[in-house]
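Below is one structure, written out as C-alpha cells, with a few remarks after it.
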4 protein chains.
Amino acid sequence: MKRNKPKYMQIIDAAVTVIAENGYHAAQVSRIAKAAGVADGTIYLYFKNKEDILVSLFEEKMGSFVGELENKISKISTASEKLHKLVEMHFHHLASDHHLAIVTQLELRQSNIELRVRINGVLKGYLAVVDHIVKTGMESGEFNPGLDVRLARQMIFGTIDETVTSWIMNDQKYDLLQLVNPVHQLLINGCGYSQSTLK
Amino acid sequence: MKRNKPKYMQIIDAAVTVIAENGYHAAQVSRIAKAAGVADGTIYLYFKNKEDILVSLFEEKMGSFVGELENKISKISTASEKLHKLVEMHFHHLASDHHLAIVTQLELRQSNIELRVRINGVLKGYLAVVDHIVKTGMESGEFNPGLDVRLARQMIFGTIDETVTSWIMNDQKYDLLQLVNPVHQLLINGCGYSQSTLK
Amino acid sequence: MKRNKPKYMQIIDAAVTVIAENGYHAAQVSRIAKAAGVADGTIYLYFKNKEDILVSLFEEKMGSFVGELENKISKISTASEKLHKLVEMHFHHLASDHHLAIVTQLELRQSNIELRVRINGVLKGYLAVVDHIVKTGMESGEFNPGLDVRLARQMIFGTIDETVTSWIMNDQKYDLLQLVNPVHQLLINGCGYSQSTLK
Amino acid sequence: MKRNKPKYMQIIDAAVTVIAENGYHAAQVSRIAKAAGVADGTIYLYFKNKEDILVSLFEEKMGSFVGELENKISKISTASEKLHKLVEMHFHHLASDHHLAIVTQLELRQSNIELRVRINGVLKGYLAVVDHIVKTGMESGEFNPGLDVRLARQMIFGTIDETVTSWIMNDQKYDLLQLVNPVHQLLINGCGYSQSTLK
DNA sequence: GATGAATGAGAATTCATTCAT
DNA sequence: AATGAATGAATTCTCATTCAT
C-alpha cells in the first residue's frame, strides 16, 4: 500500500503547503519535490503524474474525512442532528487546516475538467452521506417526504461549499464554526415542510 | 466604447464557442482569432491578454444579464416571487446558451485567483440582487426576520450554482427549467420561519 | 526635397527624443509618431522603414555638423589648430544636445550591422575631415611625416569617441568641454615626432 | 562552478560561432542549442536567458584574456614595453579568433544599455591594466607626468578598439598584427612629453 | 529505491508595415 | 497627403517527465 510508505504522505503534505502558499500554477513538481525533501524523479515513483498528486491529495485528505464522517453520523439517530454534525465536521475540518482549505476551495478548482471529473469521484462518498441524511429525514418525517433528493443534496452541498469559499475569499477573518448553527437552520428549513403546506 | 466596435463582440462570441468546445487551456488565442475572423494581433487591440478575454466575456454576458435581472425583479412585489424569477432567469439564461453555461460553470473557474477576484467583482451585482430580495422578504414578513443576510445569500447562490454545475457535469441531460419550482421551494423554505418557531 | 517639409524634421526630432528617453528597443514607430504628432502611417510617407528614420536622423544631425566643421576648419591654417577646433566642435555639438549625445553614443550602436554600415557611410565625411587635417600636418611638418594616415585617423576618432562615450556612461557628470585641451594635447603628441626621433 | 561543466563551455562556443555567422538577432536560442548539441531547455540550466549567454560569453573569453594580460605585463618592466605587449596581445587575441572578434566588436554592441553596463563591468579589469601601465610610465618618467590618467586610458582603449573595429568592418582584409608597432608608436607619443615642452 | 540533469513540445504576444478611406 | 485599424510572422522560455547512474 502506497500510503504506508513515508515518502507518499511526505509528498502529499508538501503539495498541500506548496500549492496553498504559491498557488496552483506556481506549484511546479520540482518545488513540491524540494519541499518534500526528495528528488524530482522520486515523485514519479509514487505518483503517475502531476495531476495524480492532486487527485491523491484530495483522496487522502477527503477520503479519511468521509470515513470519519460516516462513522460519527451513523451513531446519531435524527436527520437534523446528523446534518448538524455534517456541517460542524465540514467547517471544523477546513477551519483547522487553512492550507487544506485554500487548496480545496480555490486551487483545486483551477484544475482542468478531466481532473475535476476525478475529483467528483472522490466527492461521491461525501455526497452519499448527504443523500443518506436526506433520505433518513424524509423517512422519519423530519423532512418533507416530497423532496427531490438530488436537489436537496445540491442545496446542502452548495450552501456549505459556498459558505466555506466566501470565508476563504474574505481571508478567513471570521470564525467559521460560529456559522454551524445558522447554516444548519437554513438547511433544515429548506428540507422541512413548506410553510404553505403547514398552514 | 469598446463594446460598440463590432470586432469586440465578435471576439467575445468566438471565445465562448472555442473555450466551451476545447477547454480554456486548449483555446489558443490563434484559434479564437480564427473563429472570430480576425488576425491574432487584432485580439490585442481589444484585450490586454488572454485572461482579459475571459473576464471581459464574463463581464459582457453576466453584466447584461444582471441588468435585465434587476429590471424584471424590481417590477415584482413579493420576495418569493422575486426569488422565483431569479431562479427562473438564471436557469433560463444558462440553459439557452449551452456554450456559455460550460464556460461560466467550468472553464471560468480554472482561472487563477487574481482573475477570480475580478470575476467576483462582476458577481457583486448579482449578489446585490439576491441580498435585496432577502431583505425585502425579511421586511415583508415572508422570510424569517432573524436571517443572516450573508448566509441566506450564500445558500441561495450556492444552491443555484451547484444545481447548474451538476446539470453541466451530467451533460445537460435533463431539463434545467423543470428544476425552477423545486429549487425555489427549497430556498423559500430555507429563508422562511423555522418549523420549530412555528409550532 | 524631403527635409524642407515640416513633418520630416518633426519626425526626426521626435525620434531623437523618444530614443534617448526610452532606449532603442522601446522606441516603437508608433511612439515616435505620437511624439511627432502624426499618424503611424505618415511616418512611411517620409521614411522607407524604421531603420531609415535612424539613418536619416544621423545624416541630418551629423551631416549638417560635418558641413559646419569643414567650413570652420578650412579657415584655420595650422593642423594643430584645425585639430583643436575639431575636438572642440565635436564636444560642443554633443554637450549641447544631451538627447543627441545619448542616441549617437549608445542607442544608435544597438542597430544591426547592416545599418551600422550605412551609418559608417555618413561618418565618411567626418573621417575625411580628420584625414585632411592629418595630411595637412604631415605636409607642414607639424606632424610626423611617417604617420600612417588611417591609423592616425583611428586614434583621433577612437580617442574622441571613447571620451564622449565615457562621459555619457558617467551620466555627463563633468564638463566635457574642459577636456578639449588635454585631449587635443594627447592627439597632437600622438601625431607628432616620436621622442626618440627628436633626440 | 558552472564553467567546469562541459556543457557550459560547449554552449558558449556554439554561441560565438552562431552569433558571428548569423548576427545576434538571427541567432535563435534553438540554433545555438543545436550547434552545441544540447536541447533548447538545457541552455536555461546554464544561462538565465539569451542575453546572459552573451554576457557570459564575454566574461569567459575576456576574463581569461585579462588574466593572461595581467600575468604577462607584470613581468615586463618599462611602461612602453608593457603597452607594446598590451597592443600585441589584444590584436593577437582577436586576430586569432575571427568569430570572437566579430562578436566583441560588432554583435556585442547591439545589446541594450543594461547589458552594456554588465559588459563594462568585465571591461573594468582590462581598463585597470591600462591605468596601471599609464601610472607606471608617469612614475618612471617615460610618460608625461602631467597626463590625465582617465584621458590617457580613453585614448589607448579608444585607439585600439577603433583599430580593431575598422579591421573587422574592412572584412579583416589586412594583417592586424602588422599594426602593433605603429599603433604602439602613436600611443607612446600621445603619452609622452609634448613637443613644445621639449623645445 | 533514489537521483537530478537533460529533454523538447508548445503558445502568447509584439510591433513594423500596409492600405482602404 | 494623412490616417490608424488591422495584420501576421516570428521566437523565447517553461516545466512535466524520463532514464542512465
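Here is how names work: the chains are called A, B, and so on, in the same order as the sequence lines, proteins then strands, and each is numbered from 1.
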Rounded interatomic separation in angstrom, taking CZ from C:Phe47 and P from E:dT18: 15 Å

Under 6.0 Å from the ring centre and within 45 degrees of the ring axis: does the NZ or CZ of D:Lys7 meet both conditions for the six-membered ring of D:Tyr44? no

side-chain contact (heavy atoms from CB on, under 4.5 Å) for B:Ser56 and B:Tyr46? Distances and angles first, verdict last. CA-CA 10 Å; B:Ser56 302; B:Tyr46 295 92; over 6 Å; no

Let me know, please, whether A:Lys50 or B:Ile43 comes out on the 5' side of the other along DNA chain F by nearest nucleotide. B:Ile43

With a 3.5 Å limit on both atom pairs, tell me what F:dT12 is paired to, counting Watson-Crick and G-U wobble, or say none. E:dA11

Would you mind telling me which residue lines up with the more 5' stretch of DNA chain E, B:Asp40 or D:Thr42, judged by nearest nucleotide? D:Thr42

Distance, rounded to the nearest Å, where D:Glu51 contributes CD and F:dT11 contributes P: 17 Å

Take atom CD1 of B:Ile11 and atom P of E:dT13, then tell me their distance rounded to the nearest Å. 14 Å

With respect to the side chain of A:Val29, which nucleotide from F:dA16, E:dG8, E:dA6 is positioned closest? F:dA16

Nearest-nucleotide pick for A:Lys7, side chain only, options being F:dT7, E:dT3, E:dA6: E:dT3

What integer distance in Å separates B:Ile32:CD1 from F:dG8:C1'? 17 Å

Out of F:dA2, F:dT17, E:dT3, which nucleotide sits closest to the side chain of A:Tyr44? F:dT17

C:Gln28 has a side chain; which of E:dC15, F:dA16, F:dT7 sits nearest to it? E:dC15

Mark yes or no: A:Lys61 above the aromatic ring of A:Tyr126, with NZ or CZ under 6.0 Å from the six-membered ring centre and no more than 45 degrees from the axis. no

Where the side chain of A:Val38 is defined as all heavy atoms beyond and including C-beta, which of E:dT3, F:dA6, E:dT7 is the nearest nucleotide? E:dT3

Along DNA chain E (nearest heavy atom to each residue), the more 5'-positioned of C:Asn49 and A:Gly41: A:Gly41

Could you tell me whether A:Arg118 and A:Asp52 have a side-chain N and a carboxylate O separated by less than 4.0 Å? yes

When the distance from OH of C:Tyr46 to C1' of F:dA2 is rounded to whole Å, what number comes out? 9 Å

Please determine, for the side chain of D:Leu45, which listed nucleotide (E:dA2, E:dA5, E:dT17) has the closest atom? E:dA5

Round to a whole Å and report the spacing from CD1 of C:Ile53 to C1' of E:dC15. 13 Å

Atom OH of A:Tyr24 to atom C1' of F:dA16: distance rounded to whole Å? 11 Å

In the structure shown, which nucleotide is the Watson-Crick or G-U wobble counterpart of E:dA20, with both distances under 3.5 Å? F:dT3

Which is it for C:Ile19 and C:Leu54 under the side-chain contact (heavy atoms from CB on, under 4.5 Å) test, yes or no, and what are the steps along the way? CA-CA 10 Å; C:Ile19 294 173; C:Leu54 290 170; 3.3 Å; yes

Using whole Å, what does the distance between atom P of nucleotide F:dG8 and atom NZ of B:Lys34 come to? 12 Å

